[in-house]
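Only one structure is covered here, and it is reproduced in the block below.
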Amino acid sequence: MATVPVITIDGPGGSGKGTIAHRVADCLGWHCLDSGALYRIMAVAGLARGLGLDDEAGLIQLANELQIRFEPDHIWVDGDDLVEAIRGEVAGAGASQVGSLPSLRVALLQRQRDFAVAPGLVADGRDMGTVVFLDAPLKVYLTASAEERARRRYNQLINKGQGVSLPSLLEDICARDDRDMNRAVAPLRPAADAVLIDSTQMNIDEVVKAVLDLAAQRGLTV
Ligand code: C5P
């Protein structure tokens, strides 16, 4: 059976992984997995059902039962559209908390691997190249300085009309980095065979081109 090619894009929050993954997937006509959305869904759906974010058994049961369907502008979770609810800072912090539960990560493995469907998949997250898609033929580790990532997030929120403070965003980003990089299970780190891209001085088009060039060099594109 021919294996489905997977490009993994891992990196810290705010590095632009999601945007880059979608753009690369669109250019190649491949599927896209936003694995962070799954962890965000677990946090939001768990809280809505009265579960504690440290209730590993309860969250595993929820992970096994939830009906989740991704559409371009909607994320249906047991009939509710959570596309907006999972984007907030509470969902992000909650995702980071549930993401540190080892058995919950195992419970979500198959759901993530099921996204690898022909003609190919671009998967973004923290452990796509180190755990979920170990055999991916192209692994990218996308990063940017914490200050630049805070500035990007600040601009996004200001454009949405939300009042925020840059120093507090920077503090949140550093705290999330610390949790994601130093947790015992699936810590955020580049896979040994990942290509590092530092996007601090690059725009989105430049990063997309860099990933597509790498894909072409590895014979993944026609
Ligand atoms: O990428 P995003 O900001 O949506 O991820 C939210 C949180 O979910 C991350 O800070 C991380 O703690 C967790 N996560 C994870 N593993 C992934 C993707 C996200 O632990 N593959």
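Atoms within each ligand, like the ligands themselves, are counted from 1 in listed order.
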Handout entry: Distance from atom 7 (C) of ligand 1 to nearest protein heavy atom, with residue and atom
Key = Ala95 CB, 3.5 Å
Exercise for the section: Distance to 0.1 Å, residue and atom name: give those for the protein heavy atom nearest to atom 9 (C) of ligand 1. Expected result: Arg126 NH2, 3.2 Å
Practice task
Considering the heavy atoms of Arg183, write down every atom of ligand 1 situated less than 4.0 Å from one of them.
Solution key: 12 (O), 15 (C), 16 (N), 20 (O)
Practice task
Kindly confirm or rule out an N or O of Asp34 lying under 3.5 angstrom from an N or O of ligand 1.
Solution key: no
Completion exercise
shortest atom 19 (C) of ligand 1-to-protein heavy-atom contact is with Gly36 CA, 3.5 Å
Handout entry: Check: Arg149 side chain, Ile173 main-chain N or O, donor-acceptor pair, under 3.5 Å
Key = no
Fill in the blank from the handout: Counting from 1 in the order shown, the ligand 1 atoms closer than 4.0 Å to a non-hydrogen atom of Asp180 are 9 (C), 10 (O), 11 (C), 12 (O)
Exercise for the section: Report the part of Met181 in contact with ligand 1, treating N, CA, C, O as backbone and CB onward as side chain, heavy atoms under 4.0 Å; options are side chain, backbone, both, neither. Expected result: neither
Exercise for the section: Taking the side chain as every heavy atom from C-beta outward, state whether Leu188 and Asp127 have any atom pair closer than 4.5 Å. Expected result: no
Handout entry: Arg105 heavy atom under 4.0 Å from ligand 1
Key = yes
Practice task
Taking atom types as modelled, find out whether Glu148 and Thr200 have a side-chain donor-acceptor pair closer than 3.5 angstrom.
Solution key: no
Practice task
Could you tell me whether the side chain of Asp178 and the main chain of Cys174 form a donor-acceptor pair under 3.5 Å?
Solution key: no
Handout entry: Flag, side chain of Ser15 to backbone of Ala144, donor-acceptor distance under 3.5 Å
Key = no
Problem - Contact atoms of ligand 1, heavy-atom distance to Met128 under 4.0 Å - result: 21 (N)
Practice task
Check whether any N or O atom of Asp127, backbone or side chain, sits under 3.5 Å from an N or O atom of ligand 1, and answer yes or no.
Solution key: yes
Completion exercise
Closest non-hydrogen contact found for Val4 with Gly120 is CG1-CA, 3.6 Å
Handout entry: Arg87 N/O to ligand 1 N/O under 3.5 Å
Key = no
Exercise for the section: Can you see which heavy atom on Ala116 is nearest to which on Phe133, and at what distance? Expected result: CB-CE2, 4.1 Å
Practice task
For Asp213 and Gln217, test the side chains for any donor-to-acceptor distance below 3.5 angstrom and give the result as yes or no.
Solution key: no
Handout entry: Sub-4.0 Å heavy-atom approach of Arg179 to ligand 1
Key = no
Problem - N or O contact, Ser35 vs ligand 1, cut-off under 3.5 Å - result: yes
Practice task
Compute whether any side-chain donor of one residue and acceptor of the other, for Arg113 and Gln110, lie under 3.5 angstrom apart.
Solution key: no
Problem - Proximity winner for atom 3 (O) of ligand 1, if only heavy atoms of Gln97, Arg40, Met42 are counted - result: Arg40
